[in-house]
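Worksheet for the structure shown next.
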Amino acid sequence: MIYIGNDIISLKDKKNIQDFSNPRYLKKILTEEEFIFFKKNENYHFLPFLFWTCKESAYKILIKKGLRKSFSPKNFKVNININNKHKNNGYVIYDNYKIYTSSLINNSYIHTIAANYKNSVSKIFYEIKKIKNISKQSYYTRDYLTEDLVGKFEIDKSKIKILKDDFTGIPFISINELKSDIEISLSHDKEFVSYAFLY
Amino acid sequence: MKNIKDKIMPILKRYTFDKKIWETVSENPDLAKDLKINSARIVDIILDIEDEFKIEIDNESLESIKTINDVENIISKKLEEKE
C-alpha cells in the first residue's frame, strides 16, 4: 500500500523564526547530526525548517501505517541532498522505516511531499495556496482539494466530503458517503495551505 | 500550593489558537485533536514545562504525550525521579 504525506511551513512567520533560531528548541527537534550539520552550514538558514517538514511528512505516513505514538521530531533522522533550491530529494529514517521525501524551498515557505516508496514520490499531485483568512486554514485546504478532485476524478462536488478519522486524525475522502481509497494528505501553516493526493 | 494541573493550564492556554475551545473541551482533552495545538507549538509547551518544573522531558516521554493527563503523569514521574 502506498501512503503519502505532505507538510508546509512558513518562513516568514515570527513565531516560527523565533523557535527555529532558538538553540534549545532546535536541540529538541534535531538529531545531534542534524544540529551539527546546521551549525556547519548556517548560511542555509532554512535547514531546521526543511528538516521539520521532512519529519512531519514522514510522521503522517507512519501514522497511516499504524504508529500510535505522538510526534517526537528528534527520533526522525533526515538525510537530504541540497543541490537544487527548488527540488531537494532525501529520505527520513524512523526505527526500521524509510520514508522518501522531496522538498520545495523558496523565500516564503518550505513544502515537502513524502511517500513510503521511492518511485511514488514523483507521482504525488500537490498544490500550495496562499490564503488571506488564516483562521479558516482548514476550510480552505479542504475546499481547494475538493475543487481539484472534482476536476481530476470528474466527481460531483456535492458528493465529496473530506473527513478525519475520529481516533487517528487521518484525513480521508468520502464519496457518496463511502470512504474512498484516494490517498490524501493535508497541511497548513499561517497563510499557506497545501494538499497532496495520488492521481 | 498549586498542583501540577494548575501550573500546566496557563502554559497550554498560551498555545491554544482558539481560546473558545476551552469552554467546551472534556476533562482530559487531546492536545492535537481537541485543543488544535500543532506539533511545533507542542515543542514550545515542552520547553515551558521544563522551565516551570525544572525537569527534562526526553524523546520517549514526548512520544507518549497525547492528552493533558499524559502531560501531568510525565511531569509527576520526572519530579519523582528528581527526588
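In the text below, chain A, chain B and the rest are named by the order of the sequence lines, each starting its count at 1. Basis for what follows: all heavy atoms, side chains included, without hydrogens, waters or symmetry-related copies.
Using cut-offs of 30° and 60° for the angle between ring planes, the Phe197(A) and Tyr199(A) rings count as perpendicular.
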Atom pairs and distances, side-chain donor-acceptor, residues 45-52 of chain B, under 3.5 Å, sequence neighbours left out:
from, atom 1, to, atom 2, distance (Å)
Asp48(B), OD2, Arg14(B), NH1, 2.7
Asp48(B), OD2, Tyr15(B), OH, 2.8
Glu50(B), OE1, Arg24(A), NH2, 3.2
Glu50(B), OE2, Lys28(A), NZ, 2.6
Glu50(B), OE2, Ile57(B), N, 2.8
Asp51(B), OD1, Arg24(A), NH1, 3.1
Asp51(B), OD1, Arg24(A), NH2, 3.1
Asp51(B), OD2, Arg24(A), NH1, 3.2

**Asked** Step by step, would you call Tyr91(A) with Asn79(A) a side chain to side chain donor-acceptor pair (under 3.5 Å)?
**Response** CA-CA 5 Å; Tyr91(A) 60 86; Asn79(A) 199 306; 3.2 Å; yes
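Neither the backbone nor the side chain of Asp70(B) comes within less than 4.5 Å of any heavy atom in chain A. Heavy atoms of Lys66(B) lying under 4.5 Å from chain A belong to its backbone as well as its side chain.
Look at Lys55(A) and Glu34(A) and you find a salt bridge, because one of the NZ, NE, NH1 or NH2 atoms lies within 4.0 Å of a carboxylate O, short of that distance.
Note: Asn59(B) leads Leu62(B), Ile42(B), Asp18(B), Asn59(B) in heavy-atom pairs under 4.5 Å with chain A.
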